Amino acid sequence: MEREVRVRFAPSPTGPLHIGGVRTALYNYLLARKTGGKMILRIEDTDQNRFVPGAEDYIRESLEWCGIELDESPWKGGPYAPYRQSERKPMYMQYAMQLIESGHAYYAFDTAEELDEMRERLKAAKVATPQYNAITRATMKNSLTLPEDEVKQRLASGEAYVIRLKVPRKEEVRLKDMIRGWVMVHSAAIDDKVLMKSDGMPTYHLANIVDDHLMNITHVIRGEEWLPSAPLHVLLYRYLGWEDTMPEFAHLPLLLKPDGNGKLSKRDGDKLGFPVFPLRWTDPNTGEVSSGYREAGYLPEAFTNFLAFLGWNPGTQQELFSMDELIQEFSVERIGKSGTRFDIQKARWFNEQYLRAKPDSELADYLLQALAEHDITATHEKAEKIAGLMKERVSFPQDFWQEAKYFFIAPTEYSEKVASKKWNSPSVAVFEDFKNELPTLENFNADTVKELLTAILERHGMKLGQVMQALRLAVTGAEAGPDLMHIIEVIGREETAQRLGAAIDKLSGYATT
Ligand code: GLU
């Protein structure tokens, strides 16, 4: 019988979620929804030294913002609760014991100093990667080298110990990755990983495998950085007798720096001026603030569409996909093997597309919000008209204010460049007439304004192209913008006449020719 697809996103609450992590969550979610399966979130908090307060809430809020819905999670619960590993602590020891009993794991009593000594010794002997493994374990203090009585006595006296996996010396570990095909690793490259720590907590490796098994996970989709651990995980499944139901693995390609050299880091974002986190994050220890996509003005649907394309493509020219369309089209087979170069311009492009697709009435709300912050009131109708005129010119909701503030505030400064090139006496003569005749218009709208201006220009023996830039400068102070006649219609005839008068005064120095 086909198993129900169950995928999990398993972040550790050690800080804000990197966008690479959000992409992992997204791909898991898409597969779950596409197959009618379940999306699970498990918090992997076994490393208490790295616990960061607020990180779990941050993860939750980030996923909610992106529209990634969870079927089972620590805050929603579910049939396999609890979903925080720290709350599952009592479950893990029995599996470590099972491994000890079957001869696949052992107790180790080495102190930190003894481990350091071992590494020093191996380094001196020119061993490239000194590690606790099939060879070195024979020289260390563990239940394989110490007499049985002594082991019992050490355990009984409460001495600190860890439990390590006994990795075979010579064995090829094979693993089929859904993206990379067969991956082969020699067991000599794997060290005797600690499974249970001296504080009684399991390590990531043991807890992750036990939980994936107990939670009936069918597919493990995670970042490429976990590929080196995968053979070890295969050994754990085998030794625990769970190979039959071992999940399928898919290791996602790395997100690369914009120049393609190496993994995208927070530092790249800081240096190049883009966020690497979905939401703004304030480090609870240092107070350092890192920017987020949400606060930078990205729409969640644009952000997720952008993320989906960082490693996956539909195999067609289509780029704009709603979440439902992504679910329809997604397949793990179409995830690339090689790293994906990060391109913030593309993220911006997606945002522009999604903004422009919104109805003007919704865009008007962005503008009204900014207006309120500046103590300016406007009718929704007016804001809607302006939003409609400006939407081709904005990348982010907050741009509406920057781009459109001249609708509400008369210019006080004028572009020196345009003024020196385009402001001249013949134009001023046209503007004087225009200003005086505006009140005579019966119907005031973009069309009648244009007719009036054309008629005046004809009288002066001039053409529209000769005055347009100067007129725009006088009315808006800007060098470019949407159709000027529509701008004038929105600004109104009195205000336009006033602005013209002010510009004629202020720019008189240029009108010498
Ligand atoms: N806790 C691991 C992480 O933080 C999960 C890795 C996995 O998905 O197996 O990325």
Side-chain angles (χ1 to χ4, degrees), residues 5-32 38-52 54-60 62-63 68 70 72-74 80 82-89 92 165 175 177-180 183 185 190 193-195 197 201-237 240 242 246-255 263-266 276-278 281 311 332 335:
V5 168
R6 290 179 54 82
V7 294
R8 84 313 190 259
F9 178 53
S12 299
T14 54
L17 191 58
H18 184 272
I19 46 173
V22 186
R23 183 193 60 170
T24 301
L26 176 65
Y27 287 6
N28 274 287
Y29 174 70
L30 294 177
L31 182 69
K38 293 280 187 300
M39 168 75 177
I40 292 115
L41 181 125
R42 183 174 68 229
I43 292 287
E44 302 211 322
D45 56 352
T46 55
D47 192 349
Q48 290 174 329
N49 297 324
R50 295 183 60 214
F51 176 82
V52 173
E56 185 182 309
D57 286 342
Y58 181 95
I59 292 165
R60 177 178 181 175
S62 300
L63 299 182
I68 298 174
L70 304 168
E72 298 167 28
S73 71
Y80 298 86
Y83 292 90
R84 257 181 223 105
Q85 288 184 328
S86 55
E87 293 167 19
R88 301 171 66 81
K89 186 176 169 187
Y92 303 109
L165 184 67
L175 149 91
D177 184 276
M178 294 170 78
I179 297 170
R180 281 146 226 276
V183 179
V185 175
I190 309 171
K193 283 274 181 306
V194 172
L195 302 177
K197 295 179 282 188
M201 271 290 200
T203 56
Y204 154 73
H205 300 291
L206 180 67
N208 186 270
I209 274 34
V210 167
D211 287 343
D212 281 350
H213 174 74
L214 295 180
M215 294 181 174
N216 249 318
I217 299 302
T218 56
H219 298 76
V220 167
I221 304 174
R222 60 184 174 189
E224 185 180 293
E225 63 274 27
W226 297 102
L227 188 59
S229 303
L232 174 85
H233 298 169
V234 171
L235 287 179
L236 278 168
Y237 279 106
L240 286 163
W242 298 337
M246 185 168 87
E248 293 199 56
F249 289 97
H251 289 91
L252 303 176
L254 289 178
L255 289 187
K263 196 174 155 184
L264 179 73
S265 70
K266 172 163 148 40
V276 297
F277 301 124
W281 165 258
V332 177
I335 297 174

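Predicted, not measured: the structure shown is a model, and the values here were computed from it. We count residues from 1, following the sequence as given. Just so it is clear, the values below take in all heavy atoms, side chains as well, and ignore hydrogens, waters and symmetry mates. Just so you know, ligand 1 is whichever comes first in the structure, and atom 1 is the first atom listed for that ligand.
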Participant: Using a 3.5 Å distance criterion without hydrogens, assess whether the side chain of R84 forms a donor-acceptor pair with backbone atoms of R42.
Facilitator: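 Absent.
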Participant: Would you say the ring centroid of Y204 lies under 6.0 angstrom from that of H233?
Facilitator: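 Yes, they do, as the ring centres are separated by less than 6.0 Å.
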Participant: Have a look at L195 and tell me which of V210, L165, I209 forms a side chain to side chain contact (heavy atoms under 4.5 Å, CB included) with it.
Facilitator: L165
Participant: Between ligand 1 and the protein, tabulate every N or O atom pair separated by less than 3.5 Å, reporting distance only.
Facilitator:
{"unit_1": "ligand 1", "atom_1": "1 (N)", "unit_2": "A10", "atom_2": "O", "d": "2.8"}
{"unit_1": "ligand 1", "atom_1": "1 (N)", "unit_2": "S12", "atom_2": "OG", "d": "3.1"}
{"unit_1": "ligand 1", "atom_1": "1 (N)", "unit_2": "E44", "atom_2": "OE1", "d": "2.6"}
{"unit_1": "ligand 1", "atom_1": "4 (O)", "unit_2": "S12", "atom_2": "N", "d": "3.4"}
{"unit_1": "ligand 1", "atom_1": "4 (O)", "unit_2": "S12", "atom_2": "OG", "d": "3.2"}
{"unit_1": "ligand 1", "atom_1": "8 (O)", "unit_2": "R8", "atom_2": "NH1", "d": "2.7"}
{"unit_1": "ligand 1", "atom_1": "8 (O)", "unit_2": "R8", "atom_2": "NH2", "d": "3.4"}
{"unit_1": "ligand 1", "atom_1": "9 (O)", "unit_2": "R8", "atom_2": "NH2", "d": "2.9"}
{"unit_1": "ligand 1", "atom_1": "9 (O)", "unit_2": "Y204", "atom_2": "OH", "d": "2.7"}
{"unit_1": "ligand 1", "atom_1": "9 (O)", "unit_2": "N208", "atom_2": "ND2", "d": "3.2"}
{"unit_1": "ligand 1", "atom_1": "9 (O)", "unit_2": "R222", "atom_2": "NH1", "d": "2.8"}
{"unit_1": "ligand 1", "atom_1": "10 (O)", "unit_2": "W226", "atom_2": "NE1", "d": "3.3"}

Participant: Please name all residues satisfying salt bridge (charged side-chain N to carboxylate O under 4.0 Å, His left out) with K38, sequence neighbours left out, ordered by chain then number.
Facilitator: E4
Participant: Taking only residues two or more places apart in sequence or in another chain, which ones pass salt bridge (charged side-chain N to carboxylate O under 4.0 Å, His left out) with K263?
Facilitator: none
Participant: List the atom pairs, donor and acceptor, that lie under 3.5 Å between side-chain atoms in residues 5-19 and the rest of the protein, sequence neighbours left out.
Facilitator:
{"unit_1": "R6", "atom_1": "NE", "unit_2": "M215", "atom_2": "O", "d": "2.8"}
{"unit_1": "R6", "atom_1": "NH1", "unit_2": "E72", "atom_2": "OE2", "d": "2.8"}
{"unit_1": "R6", "atom_1": "NH2", "unit_2": "E72", "atom_2": "OE1", "d": "2.9"}
{"unit_1": "R6", "atom_1": "NH2", "unit_2": "E72", "atom_2": "OE2", "d": "3.4"}
{"unit_1": "R6", "atom_1": "NH2", "unit_2": "M215", "atom_2": "O", "d": "3.2"}
{"unit_1": "R8", "atom_1": "NE", "unit_2": "D212", "atom_2": "OD1", "d": "3.0"}
{"unit_1": "R8", "atom_1": "NE", "unit_2": "D212", "atom_2": "OD2", "d": "3.2"}
{"unit_1": "R8", "atom_1": "NH2", "unit_2": "D212", "atom_2": "OD2", "d": "3.0"}
{"unit_1": "S12", "atom_1": "OG", "unit_2": "E44", "atom_2": "O", "d": "3.1"}
{"unit_1": "H18", "atom_1": "ND1", "unit_2": "G20", "atom_2": "N", "d": "2.9"}
{"unit_1": "H18", "atom_1": "NE2", "unit_2": "L264", "atom_2": "O", "d": "3.4"}

